[in-house]
Amino acid sequence: MTLPPILAESFYRRPVLQVARDLLGKRLVRLADGQRISGVIVESEAYDGESDLACHARAGRTPRTAVMYGPGGRAYVYFTYGMHWLLNCVTGDEGYPAAVLLRAIYPLEGLEQISSRRAGRKTAEWCNGPAKVCQALALNGLFNGQSLCETQSGLWIEDGRPAADEAVSATARIGIGNVPEPWRSMPWRFLVDSPEKLFAKG
DNA sequence: AGCACGATTAACT
DNA sequence: GTTAATCGTGCTC
């Protein structure tokens, strides 16, 4: 059994909305201590440039947002609410700040590690939130700026079965209630409607 | 130097 | 449905 290819930089160097949509069905992989932890991406959100007032880059290039201005294919990992790490994929070409927030995965490998890091929670709540994904995969600020296109960083995304349009919904993004319109209502959140049906058993 | 707030989660009522 | 936890970031003074 051979592993599917790792998504190349060319996948990420496209408009962020396309990348966010196409990431559904791909497999997020973390290699920690020689062990694979992975799951299918089932929810994502696009954040598109300085004009998108929900995007961190609305404030321009700062130490925090610098990674988003780099070329697509790197991780943008940031800390929020004083306690949570969130993982994004930088998209587009160098100079244009955009990224996809990975909000949820359907766990497939490394379930023992995931359950230990998400101790006491129901299986369905292991990875159904952006901060939960980072907890489950042991991701933190050390991954900020790391390449997602090689195995060296221990974090990458593998090709997978594409999610059919009939199985995907688009809604407004979560947690941006104070952002003005039209940005607050842009349907830039993508989610697989029934991950357990589509992706159970690989 | 100080302050308000956040791309959230979990534990409440 | 409501709310506390908790601190880096960016903005104002």
Side-chain angles (χ1 to χ4, degrees), chain A residues 12 15-24 26 28 39 41-70 72-92 96-107 113-146 148 155 157 168-192 195:
Chain A
Y12 300 97
V16 65
L17 287 174
Q18 288 182 34
V19 177
R21 166 62 181 82
D22 292 348
L23 277 173
L24 298 180
K26 309 296 191 207
L28 178 65
I41 297 168
V42 295
E43 184 177 340
S44 64
E45 281 178 0
Y47 290 86
D48 188 16
E50 295 177 353
S51 62
D52 175 6
L53 296 186
C55 180
H56 288 164
R58 65 185 177 276
R61 189 193 287 257
T62 67
R64 183 204 207 187
T65 62
V67 176
M68 270 206 281
Y69 285 80
R74 297 178 182 173
Y76 167 45
V77 182
Y78 71 91
F79 189 64
T80 192
Y81 290 101
M83 63 186 89
H84 297 308
W85 294 100
L86 276 66
L87 170 65
N88 301 250
C89 307
V90 176
T91 69
Y96 187 84
V100 177
L101 172 67
L102 299 184
R103 291 192 56 90
I105 65 174
Y106 182 85
Q113 289 203 52
I114 292 176
S115 78
S116 71
R117 293 208 185 86
R118 303 278 306 136
R121 274 87 185 201
K122 289 181 260 184
T123 310
E125 292 175 4
W126 279 352
C127 300
N128 64 337
K132 298 178 186 180
V133 170
C134 287
Q135 274 185 41
L137 301 198
L139 299 174
N140 56 40
L142 296 175
F143 289 84
N144 191 42
Q146 298 276 325
L148 297 170
L155 180 66
I157 301 178
V168 172
S169 298
T171 77
R173 293 169 290 182
I174 302 296
I176 57 167
N178 291 335
V179 171
E181 298 289 3
W183 311 111
R184 182 179 17 184
S185 299
M186 288 299 196
W188 291 354
R189 170 185 182 228
F190 302 95
L191 61 159
V192 175

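Predicted, not measured: the structure shown is a model, and the values here were computed from it. So that the names make sense, note that chain A is the first sequence line, chain B the second, and so on, each numbered from 1.
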For residues [X] and [Y], report the shortest heavy-atom separation together with the two atoms involved.
X: Cys134(A); Y: Leu87(A); answer: SG-N, 3.5 Å
X: Ala170(A); Y: Pro187(A); answer: CB-O, 3.8 Å
X: Cys89(A); Y: Leu23(A); answer: SG-CD1, 4.1 Å

Can you tell me the pairing partner of dT8(B) across any strand shown, Watson-Crick or G-U wobble, with both distances under 3.5 angstrom?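 Looking at the geometry, dT8(B) pairs with dA5(C).
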d([atom1], [X]; [atom2], [N]) in whole Å:
X: Tyr76(A); N: dT9(C); atom1: OH; atom2: C1'; value: 10 Å
X: Trp85(A); N: dA7(B); atom1: CH2; atom2: P; value: 15 Å
X: Ile176(A); N: dC5(B); atom1: CD1; atom2: P; value: 17 Å
X: Asn178(A); N: dG10(C); atom1: CG; atom2: C1'; value: 16 Å
X: Glu125(A); N: dA11(B); atom1: CD; atom2: P; value: 10 Å
X: Asp48(A); N: dA7(B); atom1: CG; atom2: P; value: 16 Å
X: Asn140(A); N: dC7(C); atom1: CG; atom2: P; value: 16 Å
X: His84(A); N: dA7(B); atom1: NE2; atom2: P; value: 13 Å

Any side-chain N or O of Thr62(A) below 4.0 angstrom from OP1/OP2 of dG10(C)? yes
Does a side-chain N or O from Arg103(A) land closer than 4.0 Å to OP1 or OP2 of dT8(B), or not?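 Arg103(A) to dT8(B) OP1/OP2: side-chain N or O found under 4.0 Å.
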Just wondering, do Tyr81(A) and dG6(B) stack (centres under 5.5 Å, planes under 30°)?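 So yes, this residue stacks on that base, both cut-offs being met.
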Tyr47(A) ring over dA7(B) six-membered base ring, under 5.5 Å and 30°: yes
Which nucleotide wins on minimum distance to the side chain of Arg64(A), given the candidates dT9(C), dA10(B), dT8(B)?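 Minimum distance to the Arg64(A) side chain belongs to dT9(C).
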Start with the C-alpha gap between Leu101(A) and Leu86(A), add the side-chain angles, then the distance that decides, and say whether side-chain contact (heavy atoms from CB on, under 4.5 Å) holds. CA-CA 7 Å; Leu101(A) 172 67; Leu86(A) 276 66; 3.9 Å; yes
Contact class for Ala131(A) vs. all strands (heavy atom < 4.0 Å): base, sugar-phosphate, or nothing?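 Sugar-phosphate, no base atom in range.
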Pairwise C1' distance, dT3(C) and dC5(B) [rounded to whole Å]: 16 Å
Closest nucleotide of DNA chain B for Gln135(A) versus for Phe79(A): which of these residues is on the 5' side?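 By nearest-heavy-atom nucleotide position, the 5'-most residue is Phe79(A).
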